[in-house]
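Before any comments, here is the structure.
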Amino acid sequence: MTSPLDQMFERSRWAEQLDASQRERVRSETVVREVAANGLVCRKGETVEAWVGVIEGLVKISSVSFEGKLVTFTGVPAGGWFGEGSLLKDEPRRYDVIALRDSLVSYVPRATFQWLLDTSIAFNRFLLVQLNERLGQFIATVEYERLLGPDARVARCIAQLFNPLLYPGSGRQLRISQSEVGYLTGLSRQRANQALQTLEASGLIRVEYGGITVADLDGLSRYEG
DNA sequence: TCATTAAATTGTT
DNA sequence: AACAATTTAATGA
C-alpha cells in the first residue's frame with residue numbers, strides 16, 4: 001500500500017530522483033498532518049521549521065495588514081511545495097497559510113531540507129525552477145492587478161493553479177468551489193461566479209459543479225478581457 | 001439498485 | 001446577504 005505521502009513523492013520531481021536510502025530518510029522525517037478547512041497550516045511570525053507540501057486539498061498564502069485587511073497572494077493546490085524562501089533566509093514566516101478546505105499537508109523539517117540542499121542536485125534544480133517560476137508569476141500578477149479587471153484576475157488565478165511546473169500531475173480538472181475562487185482572488189463569490197461564466201463563454205474553461213476544467217491554459221494565462 | 005434525505009454548491013436577486 | 005434550485009454523498013430498504 002502506498003501512503004498519500006508516497007504518492008506525493010512520486011509526483012514530485014525532486015523526490016523521484018533520490019535514491020532509495022535518501023528517499024527513506026526524507027519519508028521517515030517528514031510529518032503529515034490533516035488540516036481542516038479554515039485551519040492554519042502555518043502562521044505569520046512563527047519560526048520556520050519546515051518546508052511544506054500540499055498532498056491533498058487547497059491552501060492559500062495570505063497576510064493581514066494591521067488594519068485587518070486581508071490580502072491573498074496565491075493559492076497552492078495538491079502537488080505544490082512552498083516555504084523554501086523563509087527557510088533559506090532563516091527569517092520568521094511572513095505569511096499566514098490557511099486551508100481553503102480540508103487538506104492533507106506534509107512538513108519536511110528544516111534539518112532534512114538542509115540535508116537535501118547539501119546532497120541532492122535534483123533537489124537544488126527543483127528549487128531553482130520553482131523560485132524562477134514563482135518570480136514570473138508574481139511579476140505577472142502585479143502587472144495584471146494594475147491593468148486589468150476582475151475577469152482577468154480570475155483567469156490568471158486559475159491559470160496559476162494549473163502551472164504544470166509548480167503543481168505537477170494535477171491534470172486539467174481541479175476541484176474548487178466558486179467561493180474558493182472568490183477567496184483566492186479577493187472577489188465576492190457572486191463576482192467570481194460572473195467571471196467564471198464569462199471565461200466559460202470565451203471557451204477557456206468549463207464550469208462544473210464543485211470544480212472547473214481548463215480548456216485552453218495558454219489562452220487563460222494571457223486573457224485580458 | 002433504487003429512493004430518501006442531508007449537505008454542499010450554484011444561480012440569482 | 002439571503003433565497004431557491006441543483007448536484008452530490010450518505011443512508012437504508
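Lettering of chains follows the sequences in order, A, B, ..., and the numbering in each one begins at 1.
Straight-line distance from the CZ atom of A:R189 to the P atom of B:dT13: 14 Å, rounded to whole Å. Regarding A:L187, its CG atom lies at a distance of 17 Å from the C1' atom of B:dT10, rounded to whole Å. Distance, A:Q197 CD to B:dT9 C1': 13 Å, rounded to whole Å. When rounded to the nearest whole Å, the span between CG of A:N193 and P of B:dG11 equals 5 Å. Whole-Å rounding puts the A:Y183 OH to B:dT9 P distance at 11 Å. In this structure, the CD atom of A:E180 is 7 Å from the P atom of B:dT9, given to the nearest Å. Protein atom CZ of A:R191 is 16 Å distant from nucleotide atom C1' of B:dT10, rounded to whole Å. Whole-Å rounding puts the A:R101 CZ to B:dA8 C1' distance at 13 Å.
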Exercise for the section: Could you encode protein contacts along nucleotides 4-9 of chain C as a string, one character per nucleotide from 5' to 3', using B for base contact, S for sugar-phosphate-only contact and - for no contact, with a heavy-atom cut-off of under 4.0 Å? Expected result: ---BS-

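In this structure, A:Y183 places its OH atom where only 12 or fewer heavy-atom neighbours from other residues, nucleotides or ligands lie under 6.0 Å away. Under a cut-off of 6.0 angstrom, the local environment of CZ in A:R13 is sparse, with at most 12 non-hydrogen atoms contributed by other residues, nucleotides or ligands. At most 12 non-hydrogen atoms from other residues, nucleotides or ligands lie less than 6.0 angstrom from CD of A:E34.
Both A:L220 and A:L174 are members of a single hydrophobic cluster when ILVMFWY side chains are connected at heavy-atom separations under 4.5 Å.
The backbone N or O of A:V26 sits less than 3.5 Å from a side-chain atom of A:T30, completing a donor-acceptor pair.
A sub-4.0 Å separation between OP1 or OP2 of B:dG11 and a side-chain N or O of A:Q178 is present.
Ring centroid separation for the pair A:W14 and A:W51 comes in under the 6.0 Å cut-off.
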